[in-house]
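These notes are about the structure you will find just below.
Reminder, nothing fancy here: chain letters follow the sequence lines and each chain counts from 1. No experiment lies behind these values; they were computed from the predicted model shown.
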Amino acid sequence: MSTPPAPTNFIEEIIVEDLESGKHGGRIHTRFPPEPNGYLHIGHAKAITISFEMAKKYGGRTNLRMDDTNPTTEETHYVDMIKNDIKWLGYEWEDEVLYTSDYFPQLYAFAQDLIRKGYAYVDDSTAEEIAEQKGDIGVPGTNSPYRDRSPEENLALFEGMKNGDFPDGSKVLRAKIDMAHPNLLLRDPVLYRIKHEAHHRTGDEWCIYPLYDFAHGQSDSIEKITHSLCSLEFRHHRDLYNWLIEKLEIFPSRQIEFARMNVDYFITSKRRLKLLVDQGVVTGWDDPRLGTLAGMRRKGYPAEAIRNFCVDTGVAKRDNQQEFDLLEFKVREILNRDAHRYMAVLDPVKLVIENYPQGQVETLTIDNNPGDETAGTHEMPFSRELLVEREDFSKEPQGRKYYRLAPGKDVRLKGGYIVHCLGHEEDADGKVTQINCTYYPDSKSGEDTSGVKAKGTLHWVSAEHAVDIEVRQYDKLFTDPQPMNHEDKDFMEFINPDSLVTITAKGEPALGEISEGGQHFQFLRKGYYVSDPDSKPGHPVFNLTVGLKSSWKGKK
RNA sequence: AGACCUAUGGUGUAAUUGGCAACACAGCUGGUUUUGGUCCAGUCGUUCUAGGUUCGAGUCCUAGUAGGUCUACCA
């Protein structure tokens, strides 16, 4: 066997150790176990990345398993969304999607085994009574009065539970461990509860359902998962995970916990996400302002960028808070490489080239990506009347490092000519209505013999040929990077009122052809944009993915 | 308060397992550029505290401090 790749974090160190010691015959098998009751978000992306990449790196496999043990909250709809999101992220699971619910018969048999061995009992206590029996942190609990029922009686009662002889909440199956254990989870945890409720896959077949602690580890074991990776809050569950594996004498999967990733401006709490959707703060679970996979996809974040972000932020056991800047860097990194450059003027003002022939239209060739020769070119019309960005003109520029339009300045129109700014016209309110220029006929891009030097280059569109495009200017959803970390204030108080500003902009003609979502562009000098699924023929819609980085401190 | 986990620049992650604390992002300077983008160069700044072991400690030991997790018939 060849030597395994060098580990880059503590989990990989464990994997390498296991590989070298020949544990499980050198087999590596991980799993991602979402509960199908909500949408996947950036935190899940981290978990997915860790489990899938780890297996990939060490020649292992990864299962996708729906952890569907609670019929009350789970729906098939979510299963479909989850599968779609994971595929989009770029991962393929082993074989078919697996379901914890497929193991219900096996889990039931495990429970019977536990009962026979004297490690579990049926308890008639109410939920409140069980809570009381738990004791408290640092205070031992008390035994349930039903704790010492015989295995025979327990077996019969448990079967009765399964057969629907008892109403919801009247009985539970509990592990018999230690009511004084310092880990509260080992104070006779509930293993099975009665729920006369239809399950999204097993229908009415069952009226008892296992709880997480009696389903998750057992499912890992059934699938012979070697390394079960989960987040830190499950640390205390590991003691129970191991106890059950030991008592059941089943395949010893190993649980390893890592710190989950937090990202500035993103909320990952299912409850809060739902609140934002229900209250109409955002338009849905796929709103581009949310940290859901569906939202980030709609915002134009490439899957590759999200994967890189998750991988490059590493794996450790301390709480972490990732800066939004890094995520945006990862997004720009991919988009700069891949996105084709087009021109769109967000806040247009007319620019007239006085010495350019009336009615003349030239077709100019624009590089799709100056950093990638293979990306090709596209054409756009140039004419006497153009539209340029209002902020690219100044009546009285401040400072000598001003490269844009101002009286007396020379500026290159990207892919076209250099123009000389003469002045402007304005309305009664002092608002600029037109910029007047002349152009240097021998300064055409690619064949410039004018000798004129223009420090600035601007984007533009031909007024006559430009098309209306709907542009959704997204900004961060919150005004605070960690809106839920304020003890005195609710996170809803930090909603950014300007997180979405919708405008009608002027795009170059080619943008008018866009009629479907998911196409990435760079609007020259403005930012990266993606066409939105709301786009219709004749009505293209673009979402701001991320702005271009700017080192210009003159404005904004 | 019991138990468990964690502590390295502004953020995050490394450090050949006891041997010159590095990489990325962010910030700041400058250069290139038909995007004030990209790219390139430079720069800023770090081992929670106190003891101890050792020729030598971010790493090992002790004590403290700080943060996190745990008392659902949720996962």
Just how far, in rounded Å, is C1' of B:G68 from CG of A:Asn320? 12 Å
Salt-bridge test for A:Arg31 and A:Glu223: reply yes if a basic N is under 4.0 Å from a carboxylate O, no otherwise. no
Roughly how many Å is it from CE in A:Met343 to C1' in B:U35, rounded to a whole number? 9 Å
Give A:Arg235 one of three labels, base, sugar-phosphate or nothing, depending on what nucleic acid heavy atoms sit under 4.0 Å from its own. sugar-phosphate
Select base, sugar-phosphate, or nothing to describe what A:Glu132 touches, counting heavy atoms under 4.0 Å on all strands. nothing
Using a 4.0 Å heavy-atom cut-off, does A:Glu328 contact any base of the nucleic acid, only the sugar-phosphate backbone, or nothing at all? nothing
Nearest-angstrom distance from the residue atom CG of A:Asp319 to P of B:U6: 11 Å
Can a salt bridge be assigned to the pair A:Glu362 and A:Lys444 using a cut-off of 4.0 Å between side-chain N and carboxylate O? yes
Which value, in whole Å, describes the distance between the P atoms of nucleotides B:G19 and B:G27? 35 Å
Whole-Å P distance, B:U46 and B:U11: 13 Å
Tell me whether A:Lys476 is salt-bridged to A:Asp264, with the criterion being a basic N under 4.0 Å from an acidic carboxylate O. no
At under 4.0 Å between heavy atoms, what does A:Leu524 touch on the DNA or RNA strands: base, sugar-phosphate, or nothing? base
If you look at every strand shown and take non-hydrogen atoms under 4.0 Å, does A:Val315 touch a base, only sugar-phosphate, or nothing? sugar-phosphate
Using a heavy-atom cut-off of 4.0 Å across all strands, would you classify A:Gly456 as base, sugar-phosphate, or nothing? nothing
By ring pair (Phe, Tyr, Trp, His ring centres under 6.0 Å), A:His181 pairs with (sequence neighbours left out) none
Using a 4.0 Å heavy-atom cut-off across all strands, classify A:Asn9 as base, sugar-phosphate, or nothing. sugar-phosphate
Take atom OH of A:Tyr119 as the centre, draw a 6.0 Å sphere, and report whether it contains more than 12 heavy atoms from other residues, nucleotides or ligands. no
Euclidean distance, atom OH of residue A:Tyr403 to atom P of B:U33 [Å, nearest integer]: 12 Å
Whole-Å C1' distance, B:G9 and B:G45: 5 Å
Kindly indicate whether a cation-pi arrangement holds for A:Lys171 with A:Phe166, taking the cut-offs as under 6.0 Å to the six-membered ring centre and within 45° of the axis. yes
In whole angstrom, give me the gap between the P atoms of B:U59 and B:U16. 13 Å
Looking at A:Lys526 and A:Glu391, is any side-chain nitrogen of the basic one under 4.0 Å from a carboxylate oxygen of the acidic one? yes
Sort by first number and list every stem of RNA chain B: at least 3 consecutive Watson-Crick or G-U wobble pairs, both distances under 3.5 Å. B:2-7 with B:65-70, B:10-13 with B:22-25, B:27-31 with B:39-43, B:48-52 with B:60-64
A:Phe329 has an atom CZ; how far is it from atom P of B:C25, in whole Å? 4 Å
Rounded distance (Å) that lies between atom P of B:G10 and atom CG of A:Asp325: 16 Å
Spell out yes or no: do the side chain of A:Thr313 and the base of B:U13 have one donor N/O and one acceptor N/O closer than 3.5 Å? no
Identify whether any heavy atom of A:Arg341 sits under 4.0 Å from a base atom; if not, whether one sits that close to sugar-phosphate; answer base, sugar-phosphate or nothing. base
Between B:U47 and B:A57, how far is it from one C1' atom to the other, in whole Å? 11 Å
Kindly confirm or rule out a cation-pi arrangement of A:Lys195 over A:Tyr209, judged by NZ or CZ under 6.0 Å from the six-membered ring centre and within 45° of its axis? no
How is A:Gly141 classified with respect to the nucleic acid when contacts are heavy atoms under 4.0 Å: base, sugar-phosphate, or nothing? nothing
Protein N or O to nucleotides 46-48 of chain B N or O, pairs below 3.5 Å:
none

Is it true that A:Asp220 and A:Arg65 have a side-chain N and a carboxylate O under 4.0 angstrom from each other? yes
Should the side chain of A:Gln522 and the base of B:G37 be counted as holding a donor-acceptor pair, with the cut-off at 3.5 Å? no
Rounded to whole Å, CH2 of A:Trp460 lies from C1' of B:U35 at a distance of 14 Å
Donor-acceptor pair under 3.5 Å, A:Arg404 side chain vs B:G36 base: yes
Please list, chain by chain and in numerical order, all residues satisfying side-chain contact (heavy atoms from CB on, under 4.5 Å) with A:Pro182, sequence neighbours excluded. none
Nearest listed nucleotide, side chain of A:Asn336, among B:G37, B:A24, B:G2: B:G37
Any pair with a residue in residues 132-147 of chain A that passes salt bridge (charged side-chain N to carboxylate O under 4.0 Å, His left out), sequence neighbours left out, goes on the list, sorted by first then second residue, please. A:Arg147-A:Asp188
Does the A:Arg193 side chain pair with the main chain of A:Pro210, one donor and one acceptor, at a distance under 3.5 Å? yes
Student check: side-chain heavy atoms of A:Leu413 and A:Tyr439 closer than 4.5 Å: no
Rounding to the closest angstrom, what is the interatomic distance between B:C55 and B:A63 at atom P? 24 Å
Quick one: on RNA chain B, does A:Glu447 or A:Ala316 contact a more 5' nucleotide (nearest heavy atom)? A:Ala316
Regarding B:U35, can its base be found pairing with the side chain of A:Arg525 as donor and acceptor, where the two atoms are less than 3.5 Å apart? no
Atom pair distance, as rounded to whole Å: NZ in A:Lys549 and P in B:C25: 8 Å
Mark yes when over 12 heavy atoms from residues, nucleotides or ligands other than A:Lys270 sit less than 6.0 Å from its NZ; otherwise mark no. yes
Give me the distance, rounded to whole Å, that separates B:G37 from B:G58 when you measure between the C1' atoms they each carry. 39 Å
Heavy atoms under 4.0 Å, any strand shown: does A:Asp136 hit a base, just sugar-phosphate, or nothing? base
Taking the P atom of each, how far is B:A24 from B:U71, in whole Å? 42 Å
Which is true for A:Ser551 with a 4.0 Å heavy-atom rule: it touches a base, it touches only sugar-phosphate, or it touches nothing? sugar-phosphate
Using nucleotides 73-75 of chain B, report all nitrogen or oxygen pairs with the protein that are shorter than 3.5 Å.
from, atom 1, to, atom 2, distance (Å)
B:C73, N4, A:Ser125, O, 3.2
B:C73, N4, A:Ala127, N, 3.3
B:C73, N4, A:Gly169, O, 2.9
B:C74, OP2, A:Arg193, NE, 3.0
B:C74, OP2, A:Arg193, NH2, 2.7
B:C74, O3', A:Arg193, NH2, 3.3
B:C74, O2', A:Asn70, ND2, 3.2
B:A75, OP1, A:Thr69, OG1, 2.6
B:A75, OP1, A:Arg193, NH1, 3.4
B:A75, OP1, A:Arg193, NH2, 3.1
B:A75, OP2, A:Tyr212, N, 2.9
B:A75, O4', A:Glu35, OE1, 3.4
B:A75, O3', A:Asp67, OD2, 3.0
B:A75, N6, A:His237, NE2, 3.0

Checking only heavy atoms, does the side chain of A:His236 share a donor-acceptor pair with the base of B:U69 at less than 3.5 Å? yes
Syn within 90° of 0, anti beyond: B:U17 is syn
Distance under 6.0 Å and angle within 45° of ring axis: A:Lys409 vs A:Tyr402: no
Looking across every strand, which nucleic acid part, if any, lies under 4.0 Å from A:Gly135 by heavy atom: base, sugar-phosphate, or nothing? base
